[in-house]
Amino acid sequence: MKEPEIYHFTKGEGVRIPSPGRCIYCGDNQQKLRDEHVFPYSLAGHSMILEKCCCETCQNIIQKYEQEVLKKQLGLLRARVEAPTRRPKDRASHAEMHFIEVNESGRFLRDLGTRKIPINEAPVVFSLWRSPMPRRLRFHPLTPQQEYGMPWSFVQHESGHSLCRTVAQETGAKYIALRAGTVNRLHYLRSLAKTAHAFAVAKLGMDAFDPYLLDLILGRSDDVSEFVGDDPFPGPIIEISEYDSIHIYLGETIDDGLRGLVTARIVLYPVLNTPPHLVVVGKAKVDIAKRFAGEI
């Protein structure tokens, strides 16, 4: 893969890529085209904008699931790190933390309700999704349960344990668990597909590959496992900053039987050791190495 590109939300204005002249998702060139943030504004600001490349119809489809991910799954994290927001006055001052009582084995006993915690005192809590490698890159089948994957959660343990002790004192419960939130698997993996496709178009151009992800991005297919999953192999060793919100790599497979597939590796907030996602973007139509080098 090409050298990793790193984006974070403190850099301000970034790069702008000229319009391809049509929507990068449906191909329409008749509707009014709008600028597209390759990475959502609330994750990486204006770090990369593809000009006049998304029609209103596609934008409305994408925004519904992308906003669900950004608000419900990553909302608390974004508030804690003061990520970009278009409505600063609407930024939450408190977080609702949900507590339950469990037994020694961690099984649910009773719901202890929610507590409103000031944002600057709330532990960082968020959920993503952990998946096997995309089916398109695997040679052996998995069971449906294995292929489905499972939630991946992060909880800032020190402050989380402190809150649990307080709730235990209030309720008399012996074992307390803090719910890390819910994750909508389909919305989350679909949003990764959108980011990977937009990034590939921005870096390579629409003519460089046959796209595989358009049905997923536009909600015409729910089979995310075919093209979206995780990378089971370690990535390159690079310096990680606490401000990095996205690490993304783009390259082409060279293994026999899989040669010529354009893939993107995406890691959100890598300092928190989050899952490295792997997205099969499409089939290369040009020499990707030469395209990266600017030779074609």
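Keep in mind that this is a model prediction, so the values were computed, not measured.
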- Query: Would a 4.5 Å heavy-atom cut-off, applied to side chains only, mark Glu36 and Tyr25 as touching?
  - Reply: yes
- Task: Assess the side chains of Gln146 and Thr143: does a donor N or O sit below 3.5 Å from an acceptor N or O?
- Result: yes
- Message: Quick check against the 3.5 Å criterion: does Arg80 have a side-chain atom that pairs as donor or acceptor with the backbone of Asn120?
- Response: no
- More than 12 heavy atoms of other residues, nucleotides or ligands under 6.0 Å from CZ of Arg22: is that the case? no
- Ignoring hydrogens and angles, tell me if any N or O in the side chain of Gln156 forms a donor-acceptor pair with the backbone of Pro123 under 3.5 Å. no
- Item | Main-chain N/O of Asp223 paired to Ser221 side chain as donor or acceptor, under 3.5 Å | yes
- Of Glu170, His94, Glu96, His98, the one forming a side-chain hydrogen bond (donor to acceptor under 3.5 Å, both in side chains) with Arg115 is Glu170
- Item | Over all atoms of both residues, closest heavy-atom pair of Ala198 and Leu50 | O-CD2, 4.3 Å
- Value for CE (Met97) from CZ (Phe99), rounded to nearest 0.5 Å, stands at 6.0 Å
- Message: Donor-acceptor check, side chain of Asp111 to backbone of Ile100, threshold 3.5 angstrom: yes or no?
- Response: no
- Item | Axial cation check for Tyr148 ring with Arg185, 6.0 Å and 45° limits | yes
- Any donor-acceptor pair under 3.5 Å linking the side chain of Gln73 with the backbone of Asn184? yes
- For residues Ala173 and Glu101, report the shortest heavy-atom separation together with the two atoms involved. CB-CD, 3.5 Å
- If two hydrophobic side chains count as joined below 4.5 Å and joins carry through other members, does Val267 share a cluster with Ile248? no
Contacts table for residues 271-280: side-chain donor-acceptor under 3.5 angstrom, sequence neighbours left out:
residue: Thr274; atom: OG1; partner: Leu268; partner atom: O; Å: 2.4
residue: His277; atom: ND1; partner: Asp230; partner atom: OD1; Å: 2.8
residue: His277; atom: NE2; partner: Tyr188; partner atom: OH; Å: 2.7

- Message: Take a 6.0 Å sphere around CZ of Arg110 and say whether it holds more than 12 heavy atoms from other residues, nucleotides or ligands.
- Response: yes
- Query: Crowded around Lys285 NZ? As in, over 12 foreign heavy atoms under 6.0 Å?
  - Reply: yes
- Taking the six-membered ring for Trp, are Phe209 and His197 parallel (under 30°), tilted (30 to 60°) or perpendicular (over 60°)? perpendicular
- Query: Taking side chain as C-beta onward, heavy atoms only, is Leu192 less than 4.5 Å from Trp129?
  - Reply: no
- Message: When you measure from the side chain of Thr253 to the backbone of Asp255, do you find a donor-acceptor pair of N or O atoms at a distance under 3.5 Å?
- Response: no
- Main-chain N/O of Ile217 paired with Arg190 side-chain donor or acceptor, under 3.5 Å: no
- Item | Side-chain (Ser131) to main-chain (Gly229) donor-acceptor, under 3.5 angstrom | no
- Calculate, to the nearest 0.5 Å, the distance between atoms SG and NZ belonging to Cys55 and Lys32 respectively. 13.0 Å
- Query: If every non-hydrogen atom of Pro40 is compared with every non-hydrogen atom of Glu66, which pair is closest and at what distance?
  - Reply: CG-OE2, 3.7 Å
- Hey, what do you get for OH (Tyr65) to NZ (Lys194), rounding to the nearest 0.5 Å? 8.0 Å
- Item | Minimum heavy-atom distance Gly160-Leu178, with the two atoms named | CA-CD2, 4.3 Å
- Query: Okay, side chain of Arg291, backbone of Leu204: is any donor-acceptor separation there less than 3.5 Å?
  - Reply: yes
- Message: Testing the basics here: between Leu250 and Ala200, what is the closest heavy-atom pair and its distance to 0.1 Å?
- Response: CD2-CA, 3.9 Å
- Message: Count I, L, V, M, F, W, Y as connected when their side-chain heavy atoms are under 4.5 Å apart, and connections chain through other members. Are Leu163 and Tyr175 then in the same cluster?
- Response: no
- Message: Same cluster or not: Phe39 versus Ile266, using hydrophobic residues (I, L, V, M, F, W, Y) connected whenever any side-chain heavy atoms lie under 4.5 Å apart?
- Response: yes
- Message: When you compare the side chains of Gln31 and Thr57, does any donor N or O come within less than 3.5 Å of an acceptor on the partner?
- Response: yes
- Spacing of Phe154 atom CZ and Tyr269 atom OH [to the nearest 0.5 Å]: 12.5 Å
- Task: Go through Arg138 and Glu226 one step at a time and tell me if the salt bridge (charged side-chain N to carboxylate O under 4.0 Å, His left out) criterion holds.
- Result: CA-CA 10 Å; Arg138 288 188 261 117; Glu226 174 71 13; over 6 Å; no
- To the nearest 0.5 angstrom, please state how far the SG atom of Cys53 sits from the CD1 atom of Ile17. 9.0 Å
- Query: Leu213 and Met48: same hydrophobic cluster, using ILVMFWY side-chain contacts below 4.5 Å?
  - Reply: yes
- Is the NZ atom of Lys283 crowded by more than 12 outside heavy atoms at less than 6.0 Å? yes
- Message: Check whether Thr195 reaches the backbone of Ser191 with its side chain - one donor and one acceptor, N or O, closer than 3.5 Å.
- Response: yes
- When rounded to the nearest 0.5 angstrom, what distance separates CG in Asp231 from OH in Tyr249? 9.5 Å
- Query: Is Leu218 linked to Val228 within one hydrophobic cluster, defined over Ile, Leu, Val, Met, Phe, Trp and Tyr using a side-chain heavy-atom separation of less than 4.5 Å?
  - Reply: yes
